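First comes the structure, then the notes that go with it.
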Amino acid sequence: MFLLYCPYCNEEREQNEFSAAGEAFIARPKNPEAISDKDWADYVFYRTNHKGDHWEQWVHANGCRKYFIVKRSTISHEILQVEPFGTEISEQES
Amino acid sequence: MQKKYSWYSLLKAGLSGQDWDQAIPLVEPKSKYDIIIVGGGGHGLATAYYLAKECGIKNVAVVEKGYIGGGNTGRNTTIIRSNYLRDEASSLYEHAMKLWEGISEDLNFNVMFSQRGVYNLGHSLQDMRDIERRVNANVLNGVDAQVVDVNEIKQQIPIINITKNARYPVMGASYQPRGGVARHDGVAWGFARAASMLGVDIIQDCEVIDIEVEEGRVKGVKTTRGDILADRVGCVSAGHSSVLAKMAGLRLPIESHPLQAFVSEAMKPVLHTVVMSNAVHGYISQSDKGDLVIGAGIDSYNSYAQRGNSQIIEHAAAAILELFPIFSRVRMNRQWGGIVDVCPDACPIISPTKVEGLYFNCGWGTGGFKATPGSGNVFAHTIAQDKQHPLAVPFHIDRFTTGALIDEHGAAGVAH
Amino acid sequence: MFRVVFSMIPMVKRWMAMNNLKTSFQLIFASTFESLTDDDGYLINQKDLSCYELNDKAIAILRTSKDEKESNRITLNEFGLELPKPLSITRGNDNLSCLWISPDEFWIVHSQFQRDLLWKRKNSLPDVMSLVDNSAAYGTLIFKGGKTNELLSRWMSYDLNAKLTIGKVVSTTFGKAPVIVYQEEKNELTMLVRHSFSHYVAALLVDSVKRL
Amino acid sequence: MRVEQHPDNQIDRSKLITFIFNNKIYKGFEGDTLASALLANDVTLLTRSFKYGRKRGLMAAGVEEPNALISLEFGGRYTPNLKATEILLYDGLCAKSATSPNGLDLRAFIKPLHRFMPAGFYYKTFIKQKVWAKVENSIRALSGFSESPTEEDVDVYEHIHHHAEVLIIGAGVAGISAAMEVLNNSENERVILVDERPRLGGEIISELCSDNSAKEWLKSSVADLNVFRKEHSDRFTVLCNSTAYAWHDQNFVEVLETITTAQSLADRKIQTPRKINHKVRVKEVILATGAHERPMLFEANDLSNIMLSQSVRRYLNEFGVISGNNPIIYGNNDTIYQTAKDLITNDISCMVIDVRPDGANNPFAEELKNSGIKIFQGYAVVKAHGSNRVKSVDIAPAIYKNSDWEVGNEIESLNCDLLASSGGFNPVVHLNCHSGSKTYFNEDSQSFLTGDLPSNRQVCGAVDGTSDWQDAIVDGRNKAKLTLQSLGINKNPKIEKLSENHNNPYRVSPFFTPTSIINRPKVFLDLQNDVTTTDVAISIREGYRSIEHIKRYTAMGFGTDQGKTGNINGIAVAAKLLGKPMSEVGTTTFRPAYSGVDFGALAGRENGAYFDPQRFTTIHDSHVANGAEFEVVGQWYRPWYYPKSGEDIHQAVHRECLAARTSLGMMDASTLGKIDVQGPDAREFLSRVYTNAWMKLAPGSCRYGLMCDEKGMIADDGVSSCINDNHFIMTTTTGGAASVYSALEMWLQTEWSDLDVHLNSITDQFSTVAIVGPSARQLMKVLCQDVEFDREKFKFMQWRQGTVCGVDARIMRISFSGELAYEINVEANYGRYIWDQVQALGKRWNITPYGTESMHVLRAEKGFIIVGQDTDGSMTPMDVNMSWILAKDKPFSYVGRRSFTIEALVKDDRLQLVGLLTKDAAVVIPEGSHIVDDKRSSIGYVTSSYFSPILRRSIALAQLQNGLNKLGDTVIVKIVQKRQGLKEIPCDVSSSVFYDPNGEKVDGNE
Ligand SMILES: Cc1cc2nc3c(=O)[nH]c(=O)nc-3n(C[C@H](O)[C@H](O)[C@H](O)COP(=O)(O)OP(=O)(O)OC[C@H]3O[C@@H](n4cnc5c(N)ncnc54)[C@H](O)[C@@H]3O)c2cc1C
Ligand SMILES: NC(=O)c1ccc[n+]([C@@H]2O[C@H](COP(=O)([O-])OP(=O)(O)OC[C@H]3O[C@@H](n4cnc5c(N)ncnc54)[C@H](O)[C@@H]3O)[C@@H](O)[C@H]2O)c1
Ligand SMILES: Cc1cc2nc3c(=O)[nH]c(=O)nc-3n(C[C@H](O)[C@H](O)[C@H](O)COP(=O)(O)O)c2cc1C
Ligand SMILES: [Zn+2]
C-alpha cells in the first residue's frame, strides 16, 4: 500500500482513498466515426502497459473525487510526479 | 545414471547414491534455432514440448530470463477447472483438462494432478442464475459440471460456514468433480525435462532484450547471453508480454497487474476440495503438504513488482474466514505476488501478429495455469503450421478490432 | 460542562416533531442514527469519550465555476462566506460554515432553521454555479473527549492527531464507508456519515469503543 | 533443569505456574516461555520432523526455532503450530506436540526406505494418474503438523492505524540507542519502538552474565525510555510482544502485537483483543532487528539437545535453565567462548571445540584456558551420536587450505549431553527485503547484508553486521542522526567512528562446508522439512541449480520458520557444490510474514457483519416490521418479498403481483442511485452519455435512458427528470450507482472539461416510495392535495412538486410495472414516515408492499430488462431489441456509438432478447437453462423466468441467436440437470412484452 499525493487536496493520503483509473493520455478520438475500426480498437483496448516510469490516471475517489495524473514506477511503485489533470507533460512516453 | 522414472530406477538410484541423470541439462545457446520460445513458464515449456513431440520440430530453444517456472507458473494457486461459460473458452480449457488427465504419464513425471473437485460458490440470487447458466452450458459442451445446493456443499465440506445471515451467505455452488490442483513447479519441470529429452534447449538466466525484425519478418532475438537467430519466435511471457511486444514495435490490449496469494502453516488435512468465491474474492485449497493455499483478488493498478497491496491480502483472509471461521487462529506463513497479464475480455490471446513469424500467447491473466498443457499444445501447432489451431481461432488478437470478444466476465469477474 | 451542551439534543428532536405546520398529520423526522442512540441521544457516552448525533444540521452543496475569483465574489455576496482553501473551513455570518470538499465543491453547513433563508439565494446564482440540498443525506456525529482519535484510528487511516487541526476538513474513509470529518473547535470532532452507512458506522464505533 | 538463581534471570521464582504438556503436569515460573519451562523440566523431545518423522527437541530460543511446534489449548482457543519459544507461560496452560514424539510414527517406521525417498521423490513415482489418485490421500494423511482448529475462535482481533515520524524495529541495544538519540534531539517527532520479545534489550539480556557494563547501560537506558514515555506519551510509543511482520511500499509497516497467545481473556477487561495488528505509516524506519545464529553442520545434527550456542546462553541467563550437565560448545567464532564463560559462571563445566586452527593466540580462548576447561582448537564435529538425544560427538581435525575446509581422518569421541553450536550470524534483513531491497554477500562478516538502501530507512546494529554491543550502540546513534538529518532536523550529523575492534567475538571464519561433511547422510539444513546436504546435492545434480529451484525441489525454507536458521547454510552448501561464490548464488526472496500472522489478525474486525457495509434505507425498520425477507443488492438490503404467515415465496409473490395489477402495491425504491446533474451543458452531457436524445426534454418531464460503454455494450439504465433547462436528476440501477457516478465524473473531468456540468450524488438525500396499481391515482389524491393528478394534467413520464402528508415531495409518474404508478421522493429523514402514511392510507385499496421479486415479475411481464440479469456486459441495445433508443441524429458520437458498426456487432447470429412462452403454460423454465438447436448445441439461454400471476402462465425472457427473426418459431429448451428433471421444453418465441402490449394500463382505472 502506498501513499499518493492528491494535487487538489494538497496532501498525501493512503492509497485506499484512491482508485486507479488507467493509463494516462488515452484521448477519446475527436471524431470516432471518421476513424478506422483498428484505430478505434486502439483507443478502447490497446495499452502501452509500460514497465518503468509510467503515466497513469488516479482519482481521489474517497476524497475530493478529482482525477489527476501520476508518474509512477511500475517496478518500484515509487511515485515520481503528480500533476492535476490537464497539465501539459512534455516528456510524455510514447 | 537413471534417466526414466520408474520404481526400478528409483530402487537403483537408492542403491547407487541417487545417481540421477540431469532432468534439466545446462546448455549454452546455439546461434540459431528453428523456433525460439520466449518465456520458460509452464506455457512456454509446454509449447516447446509439443513442438518437439507432435510437430516434429526439435531444433527449439526456450529462453528464460530467470529460472524456469519462476513466473506465474511458480506462484499461482494451481486451481484447474474447465467449466468456463463461453463455448470457445470451455473447449480450450476442456482440451487442457483432457491433457492434464494423462500428463504425468505422458511426461514420465508426476505433476501431482489431483482431481479433488472445485466448488465455485454463489452468494446472491444473480450469482446463482449465473451458475445455472454456466453449468448448463458446460453440460451441453460435455464438461462435467453440477449445481449443488447448500446442504450438499455442507455435506462435502463439513467445515464450511453456511449460516443464512452471513454477510455473504453461501447459496449454492457450481461443482466440477474433475477439477482440482497440480504441483505448480512440477508442471514446469515435467515439461522442461520431457522437452529437453526430445532435444529442446532450455536456456535459463537468459533475458530477451530485443526482438530483431527485418522487413516485417522476425529474424531472432537479442539476449543477455548474445544474439540468437530463429525463423519463428513465440512469446509466452505472461506478465511481460507488453514488454516483449514493444521490442517488436507492437502494442497489446493487455495490462499487467499484481495478483497475490498466501499460504498458511501446514496442518493435518481438513479441506479436501478446492473452494472458490468470486463474490468475496477468496480461493482456497489445502496442499498435500498441509498448508492452506489462498488466492486473493487482483490489485487494481499496473505493476511489474511481483508484490501488491496488503489490504488485498487482508480482505482475502477476511473472505476465507467468512467461509471457514475455524481458520481464525491459523497463521499466514508467507505471502507473495505475481504479475498477471489481463485482457479486457478475461480471455487469452493465442495469435500470429503483423510481424511475420512472431506469435504471441498471452493474456491468461489470473487463470492460465489450468490451461498449461492445452495452451502449449494449440500454440505449438499454431506456430508449426503458421495457422491457428482450430481451438485457438477465436483467440486471435484481431477480435479486439472486430469486436468478437469472448467475454468471460459475464459469469466470473476473476477467472482463477 | 459537557452536560450543558448535550441537553440541547432532546430539544432539537422536539423541534422536528413540532415543525408540523402545513398539515394535521403527525410528522416524524427520523434520523437513521436515532434508533441506535440511547435515550439521551448518545451513541457513546463514557469517560474521556462521547459521541452523539446532532440532527439540526443542514447541508447545501455549493458548486462553483472555473472562474475562481468570480465564484468567490458571488459566494461572499450571497452567503457572506469566503470560499475556503483546500481542506479548510471558513465561517460566515449567521453561523454558516463552509467546508472545502473539492476545488469546485463546498458544503455550507447550517442549521435546519436557516434552510429557507439559504435556499432563497439559489436563484441569484449564475448558471455555472449550483446549489444542491444534501441535508437529509448525512447524519452528523459529534465526538468529544481525549480518546476520540484513539477510537477512530481503529477504522481510519488518516493521521488525525497531526493533521486534523482546528479549521480543517477531510473527506476520507471510515472502515469501508466514505465520511467527512472536520474540526471547528478544540476537542470536538464532527463526522458526516451518509445515512445508508449509519448502521455500519455506528456498529463499528460501538464495537471498538468496548476495547478502548 | 534450573540452575541456581542468578540476579539477571528474568523469571520470577516466587510465582509458580502449573501447566500441562502432552497430558503431563509440570511447573514453571512467571516469565518463562513454554520452551524454557519444558527444558527446566528436562522435557527435550517435543515433536517429529515433517518428512522422516524424526524426534526433535529445541534448537533455538526465539522465532527462529524450526522444531518445537506446539498445539495449544482446546476448542475456541485451540491454536495450531505455535513455536514453544514464542508461548509465554501462563497458569493452566495446556499444550501438546504438533506431532507427538511418543509412540509409533509411520514416517519413522519406514526408516529403511528413506534412502529411496530423496528430494523430488514424488515427481518420480506414482506416475500413472490412476495410481496417483489412489495413493495421494494416504500420503496426504501423513502431512502437516498440528491438527486444524475445529471450532470458531472465541477471541477478537483489531487493527489500529498509527502515524509517526520514526519507527524503530527491534529494541536491542542498537534500537534503544537509536530511539534515545532521536527522542533527545527532536522536539515533536513521534517515535514508535517495537520488539517481538516481551522485554526491551534484545540479545544483550542473555549476555548479562559476562558483561557488567552492558547491563548497566541497558538498565539506565530502559529507565530513561520509560521516563520519556510517561512524560511524552503523545510522541513515544513502545510496543513489546510486537512483531513487525511486513514492510510495504513507502514505509508502511505492519506490526502484530500479541496480547495473549491463548490465555483466557476472561479476567481481563471485556473484549480485550487477542492480537492487535498495528498499521504503522512513518517517514523514517530504523531497522535494528539483530541477527540469528546459524548452526554448524555435521552428521545427525538434528538430535535433541543440539542447540544454538546463543540460545543455550539465553536459556541460561534469561530463564536460569540448562538442559544438560555436560555441554560441549562448538563453533567458528569467539562467541562460543562467551557461552562457555557464562556456563562457568553458573558452575557448569564444559568443553569447547573451535574449528579454527589459528586460535593459538586467541585472547578469548586464553582467558578460558586459565579456568581449566578443555578447548580443542582446529577441530570439527563430524558426527553426533545418540538415540534421539545427543550422547557423544565424533571430532576430527579441521584443516583450512586453499580457501577450503577439509577434515582429517583421526576421529576422537567426546561424551556430552548438550551440544551448543555457532556457525556465525545471519543478520535479520528479512523486513528490509519485503519492499524490494536486495542483499549482497559481505565477506567480512560472512553474511548477507542489505545493499543499497532506499531513502528514508536506516539499518543498524547486528543486522548491519556491526559486531559487539558497544559498536551497536554507536551505530544506533549514528543511524539515528542520519534519520534526523533526513527529517531535516540534524543538518550536520557527526558520525562517530566504530571501534575497529580487534577483540570482536563475532569475527567468523568462512562457512564450514567440507565435502566430506556435505556428503555424509543426515546433515540437516532445514530441520523442519528434513532437508539435508545430500538433498541439495541431488537437486543440483539433476539440474535444479538456481537457489530458487533448490528451495522448491527440496522444500528448504518452506516451513513455519522460513529457513531462519537453515537457509544460509543451505546457500553455502549450494555455493560449494556449484563452485560459485555465495554472492552469485544469492538468497531466496524474503517475503512477509516475518513470522506467522493469524488469519483473524489479518482480517481484524472486518469480518462477520462488518465484512462489508450493510446499507439500509431509512424505511428499513418498517420492512422488518412488515416481515420482509431481504435480498442483498450491491451493499443494500432490499425487501425481497413480504411473506404473510404460512406463505412461501411463490405465494407471497403471487399475492403481491396481483395486488399491484388489480388494486395497489407499494415498494421502497430508495436504493436506486440518484445523481444531480446541473449546469448550462447538462443536456449536452446527458446526450453524450445516454444513447437517446435529451435536447428537447421539457422541464417537468422524465425520460428513460440507456447507457453504454465504449465497447457498445449496455452498462446501465434509468430515468432522468428535467427539473429545468440546466438541471436534471438522473437515476441509476442500485448496483450500478457507484460505477456510473465515477464513470460520469471521468468523462467530465478527463475528456469534456469544456462542459459546464456539476454532478452530485444525492442517493442518500431522498427516500422513494413507489405507489403502483390501477388505484394509484385515488390514493395520491388522498396523500397530496396541491398537485393535480388527473390524467391529462399529470401525464405519464412527468413529475410534479407537491406536498405529501405535509412533506415536500417530488412526485414522478413513471412505471416499471406497466401500471399507473407514482414515485414519491421525499427527504430521506421523512422516508419512514411517508411509507407508513402510504401504507395506512392505502388500506382502503388493500395496498400491498412488494419486494424485488415481485418487481422482477411485474417488469418481466412488460418485457423491461434488468441490466445485469437480462444483459451481461456483452449485449448491445440492438441485442435487447431497443434500437429505438439509439438517437440517429445526435451530432456528438455518444459513448459506445462508434462500436455499433464494428464487424461482430452487426452479425446476425448475435444473441437477441426475446420472449419465450412454454407450450405447457404451467411449466416454468429454470433460469439459466439453454435453448438448443437440432444438434442440441446451445443457441441461447433464459435470463428471466417466472410464473405470471396475472397471465396465469409462465413467461420467460431469453437471449436467442438471431432471436428477433425467429418470433413465432418453436424452440427447445433443454434441461440437462438431473435435479431439475431431464427434459426438453418446447416453447414459442414471442415478443418480450407479455402483458398489456399496447400500454393501456399505464393510465390506471377511472
Ligand atoms: C497469485 C496467482 C494465483 C493464480 N492462480 C491461478 C489458479 O488458481 N489457476 C489458474 O489456472 N491460474 C492461476 N494463475 C494464473 C497463472 O499462474 C498464469 O496464467 C500462468 O501460470 C501463466 O503461465 P505462463 O507460462 O504463461 O507464464 P509464466 O509462468 O509467468 O512464464 C512466463 C515466463 O516468461 C519469462 N520472461 C518474461 N520476460 C522475458 C524475457 N524478456 N526474456 C526471457 N524470459 C522472459 C518470465 O521470467 C517467466 O518465467 C494465478 C496467478 C497468480 C499470480
Ligand atoms: N554482529 C553480530 O553478528 C551479532 C550477532 C549476535 C549477537 N550480537 C549481539 O547483538 C547485540 C546487537 O544489538 P542489536 O540491537 O543489533 O540486536 P539484538 O539482537 O540485541 O536486538 C534485535 C531485537 O530485534 C527484535 N526483532 C527482530 N526482528 C523483529 C521483528 N520483525 N519485529 C520486532 N522485533 C524484532 C529482536 O527480538 C531483538 O530484541 C549485541 O548485544 C551484540 O553483542 C551481534
Ligand atoms: C501452491 C503454492 C504453495 C506454496 N506453499 C508454500 C509453503 O508451504 N511454504 C512457503 O514458504 N512458501 C510456499 N509457497 C510460496 C513460495 O515460497 C514463493 O513465495 C512463491 O513461489 C513466489 O516466489 P517468490 O516468493 O520467490 O517470489 C507456495 C507457493 C505456491 C504457488
Ligand atoms: Zn483529493
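Because the structure is a prediction, the values reported are computed rather than measured. These numbers come from the heavy atoms of this one structure, side chains and all, not from hydrogens, waters or symmetry mates. Throughout, a chain's letter reflects where its sequence line sits, starting with A, and its residues are numbered from 1.
Across every non-hydrogen atom of A:K66 and C:S102, the tightest pair is CE-OG, 3.2 Å. Heavy atoms only, all atoms of each residue included: C:W100 and A:C64 are closest at CH2-CB, 4.2 Å.
Between C:D104 and A:R65 no salt bridge is recorded (no basic side-chain N to carboxylate O distance below 4.0 Å).
Shown here is C:E68, whose CD atom has no more than 12 heavy atoms of other residues, nucleotides or ligands within 6.0 Å.
Note that CG of A:N62 is 12.0 Å distant from NZ of C:K176, once rounded to the nearest 0.5 Å. We find the CG-CD distance between C:D159 and A:E11 to be 9.0 Å, quoted to the nearest 0.5 Å.
For a residue to count as touching a neighbouring chain, one of its non-hydrogen atoms must lie under 4.5 Å from one of that chain's; by this rule A:N10 touches chain C with the side chain only. Neither the backbone nor the side chain of C:K85 has a heavy atom closer than 4.5 Å to any heavy atom of chain A. Both the backbone and the side chain of C:V170 come within contact range of chain A, judged by heavy atoms closer than 4.5 Å.
Side-chain atoms of A:E17 and C:T172 include a donor-acceptor pair closer than 3.5 Å.
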